[in-house]
Student: 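This is the structure I want to talk about, given as structure tokens.
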Protein chains: 2
Amino acid sequence: MPDARPPTSRDVAERAGVSQATVSLVLRDRWRGRVSPARVDAVRAAVRELGYRPNQAARSLRLGGTRTALLVVPALANDFFGRVHAGAAAVAAENGLHLVLYPSPEGVGPAPDPFASASATLDGVLASSMAAEALSALSGAGLPLVMLDSEPGRAPAAATVNPDIAAGTRLVVDHLREWGHRRIAHLAADVESWTFAVRAATLAERLDLDGLPAPRTERAELSVVGGLRAAERALAAAPRPTALFCDDDLLAAGACKAARRMGLRVPEDVSVTGFDDLALATTVEPELTTVSLPAEELGAAGLRALLAVLDGRAQPDTVLPVRLAVRGTTGPAPG
Amino acid sequence: MPDARPPTSRDVAERAGVSQATVSLVLRDRWRGRVSPARVDAVRAAVRELGYRPNQAARSLRLGGTRTALLVVPALANDFFGRVHAGAAAVAAENGLHLVLYPSPEGVGPAPDPFASASATLDGVLASSMAAEALSALSGAGLPLVMLDSEPGRAPAAATVNPDIAAGTRLVVDHLREWGHRRIAHLAADVESWTFAVRAATLAERLDLDGLPAPRTERAELSVVGGLRAAERALAAAPRPTALFCDDDLLAAGACKAARRMGLRVPEDVSVTGFDDLALATTVEPELTTVSLPAEELGAAGLRALLAVLDGRAQPDTVLPVRLAVRGTTGPAPG
DNA sequence: CTTCGTCAGTGTTACGTATAACGCCGGTCC
DNA sequence: GGACCGGCGTTATACGTAACACTGACGAAG
């Protein structure tokens, strides 16, 4: 059996009694009016019998492009980016694009080495957060880039897609105000990132608009324990805040834990709000009141934007609506 | 500016005043004793100046292989597979292999379409769980395959790498026995999978060995709410079990929630154990006593096995040790 | 003075595919 | 009856890289 190596289109041609060019025409579905139906069937039969699969490398070389895009996400530690990926993957599949996932080691980590060699293998990049060096490497390679969760107009991105963080922040503030909260502390993610900056700015602005004092801010490492520690500091202040605005559900979960450890009840003694609506939000007790971001839609819209860019169509920046999921961690202000 | 398309090695050659072959020698680091240092420098300078990057497609075509492996994971919803990926990615990077991630839509979902065309682009696959059809498609394409969390000797895998599930199960049972538990219920994942079968078999065997009755088993969808519902059923039985052995941390988290809703304290009234040691385990209150699996090491060992297979070296099946993380959800049996 | 070996390179080819450019043949139209 | 044309197919070539087989030239060895 000299079946050592996979069959080529030439093998198929020989078996079907046609030329290699004809095989290609049939496989690329460009044979209408050029190849007789009988031969088309013959080629298809030969393909099946030999178990032929086109060599992607050769295709890419010829065509000057792989139908492959890269999705860069900061981490796989929570389900948010899993949902982003699902949304993007669905759109990619519909459009015959391969989507490859690259979890950037550190939210905003060092230049991912994969890019160096992968850039030649990719047609475009959809990135959620990325080190500046990696960004410039990408734009240097001239790769089309669409950014998620990133400030419009900055960075060499062809387009951006964002959930409406500012609106989400306002929804939270309004909700807390309806419950009568006036002393609101801010558990801020200890990350230099546009999304978090928007939360802080909008929060301050909205409170000011309502004639309330600027929120006391506690910086927190972006994790449950980070939230726990920051909340312990925030709740130790006098007078104690009646509500904690957390940049993220992880922080909010940590904050709830901290409150309980300090003998405080949630939401009777202190209200807590999150952001993102992770799976975690409905896992903890009580379930988190949080801003629900359209993760799937974010991925889908991002990939659609990338497709548009690949097709040479200009793509406007997109903002997606968010909603407030009111659950069990918010209630009337005490006292 | 005729800089329309990326520079090729021939462009580099022209600029450096050498032949294309020489460029290739320099870039592949095969020039020792073949190219004079002066020209090597000239080539390197030209590469820098033009921003030349080798065309991967052409390389793959020539070499008959991409240095790329695929990691198939069931979902991105929890952090376990994020850690598996991290471990595998580290080893891959050390060995100049690209690692691409494919989250299979459904734990054991439909044949992933990506394989159809991607198989030609891959050198090997490291899979955690996979639909039977996808498996056969893979072996049909003759792709080297290493399986994680899969029964050794089954499936057309060149090797398997597993955490020692049986040992973990025994650790849990022994721990519960030391606390005096005798009525243990089993919250079993509603998934046909070898790992879960091992848990059930080992649990039954160990209890039998200790002269205890077979555990009452409640099937649960593999999620927090699934665990919640199953635990409600299990805890409604009379006499009530004093401990719940959960196949997974998600189920355990749900079980704790159910217990609290039924007015039971954990661990005073009922002990709960998990499996996997997800981030979730230390997030919930109280923190879960659970079997800690070496996720990073699992990914790393899996990728090492794949590398061995790619090198044509036979690779034995591997079993990795586990440990019991004793935390807050287990205590003395009541009564 | 020939012969040989080594260094320093270059010419050429092959990888597998997609497609532009061309050829053939039977039927139509003037 | 010859020019033309449309349906069918084929030949030839290019994509960018890696590496084999070769060529001179220059010392050294015989």
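A, B, ... follow the sequence lines: proteins, then strands. Residue 1 opens every chain.
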Student: Can you measure A:Arg62 atom CZ to C:dA14 atom C1' for me and round it to whole angstrom units?
Tutor: 16 Å
Student: With rounding to the nearest 0.5 angstrom, report the OG1 to CD distance, B:Thr68 to B:Gln56.
Tutor: 7.5 Å
Student: Among residues 23-45 of chain A, which ones have heavy-atom contacts with DNA chain C below 4.0 Å?
Tutor: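 Result for residues 23-45 of chain A: A:Ser24, A:Arg28, A:Arg30, sorted by number.
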Student: If I take atom CZ in residue A:Arg10 and atom P in nucleotide D:dG9, what distance separates them, rounded to the nearest angstrom?
Tutor: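 It works out to 19 Å between those atoms.
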Student: How long is the gap from CG on B:Leu320 to CD on B:Glu296, to the nearest 0.5 Å?
Tutor: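 Rounded to the nearest 0.5 Å, the CG-CD separation comes out at 11.5 Å.
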Student: Would you kindly compare A:Ala58 and A:Thr22 by the position of their nearest DNA chain C nucleotide and give the one closer to the 5′ end?
Tutor: A:Ala58
Student: Is there a side-chain polar atom (N or O) of A:Ser9 under 4.0 Å from OP1 or OP2 of C:dA18?
Tutor: no
Student: Please compare B:Gly17 and B:Leu61 by the position of their nearest nucleotide in DNA chain C and report the one closer to 5'.
Tutor: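 The answer here is B:Gly17.
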Student: Does D:dT10 have OP1 or OP2 sitting under 4.0 Å from an N or O in the side chain of A:Ser19?
Tutor: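 Answer yes for this pair, as a side-chain N or O of A:Ser19 is under 4.0 Å from OP1 or OP2.
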Student: Checking contacts here: which listed nucleotide (C:dT10, C:dT17, D:dA18) is nearest the side-chain heavy atoms of B:Arg59?
Tutor: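 Among the listed nucleotides, the one closest to the side chain of B:Arg59 is D:dA18.
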Student: Is there side-chain contact between B:Leu293 and B:Leu298, with at least one heavy-atom pair below 4.5 Å?
Tutor: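 They are not in contact (no side-chain heavy atoms under 4.5 Å apart), so the answer is no.
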Student: Specify the separation, in whole Å, of atom CD of B:Gln20 and atom C1' of D:dA14.
Tutor: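 Rounding to the nearest Å, CD of B:Gln20 and C1' of D:dA14 are 15 Å apart.
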Student: How far does CZ of B:Arg32 sit from CG of B:Leu25, to the nearest 0.5 angstrom?
Tutor: 11.0 Å
Student: Donor-acceptor pair, distance only, cut-off 3.5 Å: does the side chain of B:Asp11 make one with the backbone of B:Thr8?
Tutor: yes
Student: Tell me, which pairs form a side chain to side chain donor-acceptor pair (under 3.5 Å) where one or both residues lie in residues 307-319 of chain A, sequence neighbours left out?
Tutor: A:Thr160-A:Asp317, A:Asp311-A:Arg313
Student: Whole angstroms only, please: what is the CG-C1' distance between A:Leu50 and C:dG16?
Tutor: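 A:Leu50 atom CG is separated from C:dG16 atom C1' by 15 Å.
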